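I have placed the structure first, in the form of structure tokens, so that the comments after it can refer back to it.
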Amino acid sequence: MDLSELLKVQPAALDSARLRRAQLARRTSGISPASLMLAYADWLAHFAIAPDKHEALARKAVRQGQRLAQYAAHAWSGDCPPCIEPLVQDRRFADAAWQRWPYNVLHQGFLLYQQWVHGVTTGVRGVTKHHEDVVTFVSRQLLDTVAPSNFAATNPEVLAKTLASGGTNLLSGWLNFLSDCERLAAGRPPAGAEAFVVGENVAVTPGKVVFRNRLIELIQYEPSTPRVHPEPVLVVPAWIMKYYILDLSPHNSLVKYLVDRGHTVFAISWKNPTREDRDLGMDDYLRLGLMDAIDAVSAIVPGAALHAAGYCIGGTLLAIGAAAMARDGDSRLKTLTLLTAQTDFTEPGELALFIDESEVTYLEDMMWARGYLDMGQMAGAFQLLRSNDLVWSRMVREYLMGERAPMSDLMAWNADGTRLPYRMHSEYLRGLYLRNDLAAGRLAVGGRPVALTDLRVPVFSVGTERDHVAPWRSVYKLNLLTDVEITFVLASGGHNTGVVSEPGHPKGSYQVAKRAYDGKYVDPDTYFATAARREGSWWIEWQRWLAVHSSEPGALPGMGAPKQGYAPLAAAPGTYVLER
């Protein structure tokens with residue numbers, strides 16, 4: 001076979017091999033076996049030649065065994081101090097029933113063994129940090145599957161419920177399980193989600209779609225006050241999920257909150273991509289998404305710089321776009337707000353467990369075959385990060401206790417997933433997570449690199465305390481990348497619940513501190529220890545900040561700008577948000 005014939009055959013052979021890898025990736029839910037094997041091989045090779053570690057673990061096992069034996073000898077009385085306390089976030093054994101014999105011995109033995117396994121997987125000299133984290137995470141996941149709380153025979157709460165109900169809880173749990181299986185097979189949302197209908201009782205703030213292209217619909221919301229601040233607010237949500245997390249029910253809609261306080265609000269609603277959109281890249285999301293939206297807002301509200309607010313990956317995109325605009329002398333931004341948005345990806349938390357060269361390559365093959373990353377795959381990774389809360393405790397409650405947690409608007413939104421285009425997600429993972437190009441000044445926009453040091457507008461940045469997607473210390477790294485005035489808020493709650501934290505929320509609180517332009521850097525530990533803590537919603541703090549950076553309220557702008565090509569096309573919430 002000559003060279004020309006070889007070149008004709010090789011692409012097909014490569015495609016065939018890649019297709020086989022994609023099929024394997026689907027069977028393993030996108031988790032790379034090679035990545036896991038590398039991590040465990042690294043750990044095992046170093047663990048095998050660490051006799052001091054073996055000796056320390058053996059001594060610890062003996063000590064823990066003695067402690068448990070002593071505890072067991074007195075635990076029947078019910079008045080015995082525990083051997084070990086669970087971690088603060090571990091609520092599996094919080095019920096008083098777990099303090100009675102023999103369940104107190106059972107759960108104490110499990111916690112001691114969990115602690116010992118953690119000692120096995122950590123602190124082994126020579127193991128890379130990433131591989132140690134992977135081994136520790138996977139080992140913890142495997143151990144959590146056999147926790148005594150997960151089985152009816154070893155869970156006193158389930159046993160008590162079974163005796164009290166005559167076993168009807170197990171019947172109800174079985175019916176819940178069958179219902180969930182049927183819904184999953186049919187591609188239907190979880191039970192109760194049908195009570196929240198987009199455009200009927202969620203995403204109902206009045207407005208119009210004033211612009212549409214192949215990637216976004218731009219919604220302009222109708223004013224609810226007689227006068228408004230001249231500077232409009234543009235909301236750039238994440239395209240990982242649908243935009244209406246910021247416009248849920250009227251009582252917890254951030255969009256409505258701003259509109260009711262005299263702000264003209266625009267929001268991007270992203271298209272749910274299909275196989276045909278596989279080649280949409282980060283440049284397309286920047287150009288067709290952010291920049292087209294800014295052009296439209298500037299035409300509808302001419303002469304006024306705008307407040308731009310980005311959420312999660314939408315905030316990362318906004319930071320990239322703002323840096324490019326600053327580089328090019330584009331002064332249309334008045335302020336920048338970043339909600340749980342990372343700009344430096346060196347410490348992205350446990351999500352980094354799923355991101356290394358092997359894993360990204362494996363994921364790329366799966367996306368290449370489909371043309372997109374399915375939401376189910378991404379949701380599975382997020383659930384693993386909080387498996388006790390999102391997987392095991394739910395299974396115990398719904399399948400063993402037979403109790404359905406009441407559905408909320410936020411839970412229903414969470415089940416309304418989207419897809420991610422193959423090219424965009426590959427560029428995002430490689431450019432930001434693997435290479436950290438934005439923070440390093442290597443990320444190119446329009447053929448030239450951008451740098452966050454070019455920013456000159458005030459920034460309002462929000463992190464959340466229990467964020468597993470964008471850990472607040474990672475979000476805080478923006479302070480190292482720019483010299484502008486930064487107001488940093490650390491809100492209670494997680495990635496979503498910390499953002500959707502409306503005034504009147506019973507558990508809302510936040511810390512806030514401002515760094516002046518060219519101010520001194522304050523490390524995150526010092527910030528956490530010294531920043532003022534306030535009860536209530538950070539929304540109030542943000543709206544005041546927006547008002548300070550806005551002009552006095554004036555006349556209402558028109559709805560759209562038909563003469564400039566931005567005529568109203570449809571009523572909010574538009575059509576893209578309804579796509580499945």
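The shown structure was predicted, so the numbers you read here are calculated from the model rather than taken from an experiment. Side chains are part of it too, since the values below use all heavy atoms of this structure and drop only hydrogens, waters and symmetry mates.
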Salt bridge (Lys or Arg N to Asp or Glu O under 4.0 Å) assessment of D283 paired with R287: CA-CA 6 Å; D283 281 346; R287 178 174 50 85; over 6 Å; no
Pair listing, salt bridge (charged side-chain N to carboxylate O under 4.0 Å, His left out) test, anchored in residues 556-575, at least two apart: none
Carboxylate-amine/guanidinium contact R515 E485, below 4.0 Å: no
Residue pair L336, F460: steps toward the side-chain contact (heavy atoms from CB on, under 4.5 Å) verdict: CA-CA 6 Å; L336 200 61; F460 191 98; over 6 Å; no
Pair E217 + K208, salt bridge at N-O below 4.0 Å: no
NZ/NE/NH1/NH2 to OD/OE distance under 4.0 Å, R534 and E541: yes
Short N-O contact, E357 and R430, less than 4.0 angstrom: yes
Gap separating the CG atom of L455 from the CZ atom of R327, nearest 0.5 angstrom: 12.0 Å
Whether Y285 and W239 hold their rings parallel, tilted or perpendicular, with breakpoints at 30° and 60°: tilted
Under-4.0 Å salt bridge between R370 and D374: no
Contact check, side chains of L254 and W539, non-hydrogen atoms, under 4.5 Å: yes
Donor on one side chain, acceptor on other, E231 and S551, under 3.5 Å: yes
Any side-chain donor near an acceptor of the partner, Q543 and R261, under 3.5 Å: no
Atom pair CH2 (W538) and OG (S492), whose distance is rounded to the nearest 0.5 Å: 11.5 Å
Cation-pi geometry met for R419 and Y372 (6.0 Å, 45°): yes
Steps toward side-chain contact (heavy atoms from CB on, under 4.5 Å) verdict (W542, L258): CA-CA 10 Å; W542 183 41; L258 293 175; 3.7 Å; yes
Check residues 298-308 and write down every donor-acceptor pair under 3.5 Å in which the side-chain atom is one partner and the other belongs to a residue at least two apart or another chain.
| from | atom 1 | to | atom 2 | distance (Å) |
| --- | --- | --- | --- | --- |
| S298 | OG | I294 | O | 2.9 |
| H307 | ND1 | T335 | OG1 | 2.7 |
| H307 | NE2 | S550 | OG | 2.8 |

